[in-house]
4 protein chains.
Amino acid sequence: MTTPAARPHTGRQRNEAARDAILRAARRQFGERPAADVTVATIATEAGVGRQTIYRWWPTKYAILLEAMTELGRTTVEQPDTGTYPGDLEAFITATFNAARDTTTSTLLRVLMAEAQRDPQVHRMLREFTDRRRQALRELLDRAAANGELDTPADLLIDQVFGVLWYRILLDNGPLTPTAATELTRALLNQTQPRPPSPKP
Amino acid sequence: MTTPAARPHTGRQRNEAARDAILRAARRQFGERPAADVTVATIATEAGVGRQTIYRWWPTKYAILLEAMTELGRTTVEQPDTGTYPGDLEAFITATFNAARDTTTSTLLRVLMAEAQRDPQVHRMLREFTDRRRQALRELLDRAAANGELDTPADLLIDQVFGVLWYRILLDNGPLTPTAATELTRALLNQTQPRPPSPKP
Amino acid sequence: MTTPAARPHTGRQRNEAARDAILRAARRQFGERPAADVTVATIATEAGVGRQTIYRWWPTKYAILLEAMTELGRTTVEQPDTGTYPGDLEAFITATFNAARDTTTSTLLRVLMAEAQRDPQVHRMLREFTDRRRQALRELLDRAAANGELDTPADLLIDQVFGVLWYRILLDNGPLTPTAATELTRALLNQTQPRPPSPKP
Amino acid sequence: MTTPAARPHTGRQRNEAARDAILRAARRQFGERPAADVTVATIATEAGVGRQTIYRWWPTKYAILLEAMTELGRTTVEQPDTGTYPGDLEAFITATFNAARDTTTSTLLRVLMAEAQRDPQVHRMLREFTDRRRQALRELLDRAAANGELDTPADLLIDQVFGVLWYRILLDNGPLTPTAATELTRALLNQTQPRPPSPKP
DNA sequence: GACTAATCGAGACGGTACGTCGCGTCTTACA
DNA sequence: TGTAAGACGCGACGTACCGTCTCGATTAGTC
């Protein structure tokens with residue numbers, strides 16, 4: 001817990017420094033402790049802020065976290081472009097898996113997914129958050145479809161990618177290594193690529 | 001809320017009737033209200049039981065729910081046997097998806113997955129719960145592998161099935177209809193079935 | 001049980017209206033029911049207050065009662081002044097006995113004395129409470145001693161007065177009527193007043 | 001806490017060894033800890049007895065204590081006989097004070113007096129207990145009255161003796177030494193002995 | 001010599017008070 | 001005039017003790 005930095009009041013306008021301190025404190029605490037031990041009060045204390053200041057701007061502690069992650073996510077989005085559809089897909093999946101290998105990130109994702117099951121508001125906000133990544137993948141697949149390189153419905157493919165990702169995050173059921181990413185990519189390409197009519201069954 | 005049935009004491013032995021009443025009450029309440037509105041006290045009241053009786057046997061309200069679901073699951077497990085690997089796989093996926101289409105069931109699964117992210121104990125118990133279904137699918141795939149009908153690592157296949165399932169349960173991201181099950185089956189078989197060496201691209 | 005009056009919040013300062021409501025509720029309940037049936041919760045409910053508000057300011061329900069009685073006692077103290085030592089003594093004892101004849105008062109005193117035997121904190125507070133009355137009597141006796149009207153150590157005399165009082169309160173062993181007060185006064189004066197050297201025994 | 005001694009069952013008859021163990025455990029625990037920390041369960045454990053065995057024979061833990069003290073008291077009662085009324089009175093008061101100077105005894109008395117204020121049953125039993133001592137003193141005073149050596153009502157005198165005693169036990173307000181006993185005796189004799197009509201003030 | 005009856009140690013049970021904690025609202029006092 | 005501080009009403013939490021119950025064993029008296 002860092003000591004709250006000295007910070008001047010800014011009068012009747014929203015204090016951006018306070019907002020930042022709150023987001024940072026929330027991110028740090030949710031990354032390091034069980035979510036139950038993170039409290040509006042603990043965030044307020046670490047941020048050197050009154051609790052009311054938090055309630056004025058966010059409905060729940062999870063809303064703070066979501067805002068903090070959205071803030072971060074805004075910078076980190078990039079579209080792969082390797083020139084080929086298989087290359088782009090592998091790049092996308094590898095990058096996605098890699099992001100989730102960061103312990104803090106996966107912890108925060110788990111916290112949000114958990115809360116989304118309880119609070120419809122958070123559920124909606126998490127959907128918006130995940131839909132941005134879905135959209136990126138969809139565009140990639142659309143390009144492949146335009147070239148006739150796709151045989152499976154895009155929605156199913158997307159769900160397979162993110163399904164495996166979330167399943168392994170939430171249940172510790174498997175690796176998210178580059179190798180795992182390559183493995184998944186190969187499997188999806190197998191089902192994806194049109195094939196010659198199979199020989200008689 | 002049903003009135004608690006009269007129930008005889010059983011002396012120094014555990015009272016199985018009380019246990020049943022508690023499991024039933026937990027299942028009902030978690031299925032019908034937000035998990036936050038389910039309380040050890042509300043379960044105890046509905047079951048006609050003292051709160052201490054619950055604390056004596058379960059560490060948290062979610063542990064009750066898990067035990068209740070395990071109890072149910074014990075009876076409902078069945079292995080499909082259609083004679084062919086593709087048929088068995090489709091039957092398995094369809095049955096699995098169908099079970100999750102029941103609103104109560106999926107609600108309970110969401111509650112448990114959410115809590116598993118907070119309580120390591122629940123996480124462990126949920127893993128045991130899910131591992132039983134994984135095991136069933138694995139056996140099915142092992143039979144196929146023995147016939148040389150499998151090309152993809154079994155673990156990856158399993159994670160795709162349950163990944164899509166949980167992903168759609170948790171994020172409302174897609175259907176769990178028989179059609180969806182067939183679609184997924186076909187995609188996985190595509191990955192799965194060995195194919196003649198593809199002609200040069 | 002009266003319905004809790006609407007009461008405005010007072011922000012970050014202690015809410016005196018709430019404090020009053022709590023003291024009044026405690027006094028009323030302890031006066032009317034067995035102490036075991038008085039609960040922090042019942043007091044809180046009657047006072048229209050959260051339980052935590054009570055725990056914030058008082059360690060036990062008996063501490064509330066003591067504060068309530070001290071509050072009352074603050075106003076009711078008066079020193080008799082009849083002009084003569086015997087008159088003053090009789091006035092004091094009569095007044096003291098009379099106060100204890102009120103059923104509510106004696107009930108509360110019994111409750112406090114009982115709790116004082118269990119909780120050293122309450123014991124200390126009850127001593128402070130009783131010491132104020134002792135002090136009043138002591139001053140009365142000091143005036144008599146200054147006039148040479150006293151033969152017995154003041155402490156013993158004081159203990160005789162309050163000893164009889166408490167003994168009769170706690171064990172229902174005798175009356176606290178004005179007659180009883182006069183009787184005790186006469187006895188004490190007998191032992192008190194210096195007498196001419198007694199004739200040979 | 002002594003380990004429970006091995007003790008044979010006695011079949012369908014009451015087990016006297018168990019009764020003794022319970023009385024001893026109660027006396028020890030009440031003498032050494034705050035009464036709130038003495039529980040039917042702790043007594044049962046120390047006595048190596050099931051709780052039900054206690055509930056079968058005593059209504060409350062205080063009833064156990066009272067029975068234990070009565071058992072002891074049965075032996076310790078003795079009537080002083082010095083030949084003179086003043087001597088007898090001083091002997092009685094000194095003996096009474098002395099008994100109360102034992103820390104364990106006074107602790108137990110305080111516990112009982114406290115509980116007597118809450119439980120009418122205990123109140124009644126304590127009155128019976130104290131009335132035996134009152135009766136002894138009353139007989140002593142009756143003998144004096146028969147000789148014309150008494151000027152004050154016996155009841156008032158008795159209440160002064162036990163009043164001072166209990167008052168000092170309950171509030172730590174004064175000594176119970178032999179000196180204190182002598183002092184009180186002298187004061188009471190002053191009240192007691194008829195005197196020549198006092199000269200006009 | 002089997003059978004009944006009561007006691008005993010043990011511990012689960014339905015209750016209820018306890019004191020703590022976090023929530024979200026409210027008001028004051030400070031800067 | 002916006003903010004930190006913190007009191008407030010609320011209610012869930014998990015613990016402790018209460019007094020009741022049933023169990024399985026043990027032993028004493030009864031038939």
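The chains referred to below are lettered A, B, ... by the order of the sequence lines, with proteins before strands, and numbering in each begins at 1. Hydrogens, waters and symmetry mates play no part in the numbers below; they use all other heavy atoms, side chains included.
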**Asked** Which comes earlier along DNA chain E counting from the 5' end, the contact point of T10(B) or that of P59(A), where each point is its nearest nucleotide?
**Response** T10(B)
**Asked** Whole-Å distance between dT7(E) P and D20(D) CG?
**Response** 17 Å
**Nearest-nucleotide 5' precedence on DNA chain F, G50(C) against V40(D)** = G50(C)
**Request:** Would you mind telling me which of dC18(E), dC8(E), dC21(E) lies closest to the side-chain atoms of Q52(C)?
**Result:** dC21(E)
**Request:** Could you state the atom-to-atom distance from CD1 of I43(D) to C1' of dA16(F) in whole Å?
**Result:** 16 Å
**Asked** So with a 6.0 Å cut-off around CZ of R27(C), is the heavy-atom count from everything else above 12?
**Response** no
**Asked** Nearest to the side chain of Y55(C), which nucleotide is it out of dG19(E), dC8(F), dG14(E)?
**Response** dG19(E)
**Complete:** Atom CG of D37(B) and atom C1' of dC13(F) are separated, to the nearest Å, by 16 Å
**Prompt:** So, is T53(C) near the phosphate of dG9(F), with a side-chain N or O under 4.0 Å from OP1 or OP2?
**Reply:** yes
**Prompt:** Considering only side-chain heavy atoms of R51(A), which listed nucleotide, dC18(F), dG14(E), dG6(F), is closest?
**Reply:** dG6(F)
**Fill in**
Side-chain contact check for R14(C): nearest option of dC8(E), dG11(F), dC8(F) is dC8(F)
**Prompt:** Between I64(C) (CD1) and dG19(E) (P), how many Å, whole number?
**Reply:** 10 Å
**Whole angstrom value for the distance that separates C1' of dG22(E) from CD of Q29(A)** = 14 Å
**Request:** Round to a whole Å and report the spacing from CD1 of I54(B) to C1' of dT15(F).
**Result:** 15 Å
**Request:** Keeping the roles fixed (side chain from T39(B), backbone from A41(B)), state whether a donor-acceptor pair exists under 3.5 Å.
**Result:** no
**Asked** Which of these nucleotides, dC8(E), dC18(E), dG22(E), is closest to any side-chain atom of W57(D)?
**Response** dC8(E)
**Item:** Backbone N/O of P8(B) and side chain of N15(B): donor-acceptor pair under 3.5 Å
**Value:** yes
**Request:** Using atom CG of D119(C) as one end and atom C1' of dG19(E) as the other, report the distance to the nearest whole Å.
**Result:** 15 Å
**Request:** For W58(C), report the nucleic acid contact type (base, sugar-phosphate, nothing); a contact means any heavy atom under 4.0 Å.
**Result:** nothing
**Asked** Can you check whether V122(B)'s main-chain N or O pairs, donor with acceptor, with E115(B)'s side chain at less than 3.5 Å?
**Response** no
**Message:** Here's a test of your reading of the structure: between E16(C) and R12(B), which maps to the more 5' nucleotide of DNA chain F?
**Reply:** E16(C)
**Fill in**
Ranking dC21(F), dC8(F), dC23(E) by distance to the side chain of H9(B), first place goes to dC21(F)
**Message:** Using modelled atom types and a 3.5 Å cut-off, is there a donor and acceptor pairing between side-chain atoms of K61(D) and backbone atoms of F30(D)?
**Reply:** no
**Side chain of Q13(B) (C-beta onward), nearest among dG11(F), dT27(E), dG24(F)** = dG24(F)
**Request:** Kindly point out which of dA4(F), dC18(F), dC13(E) is positioned nearest to the side chain of K61(D)?
**Result:** dC18(F)
**Prompt:** Just to confirm, is there a sub-4.0 Å distance from OP1 or OP2 of dG9(F) to any side-chain nitrogen or oxygen of R7(C)?
**Reply:** yes
**Asked** Does R14(D) make a cation-pi contact with W57(D) (under 6.0 Å, within 45 degrees of the axis)?
**Response** yes
**Euclidean distance, atom CZ of residue R56(B) to atom C1' of dA10(E) [Å, nearest integer]** = 13 Å
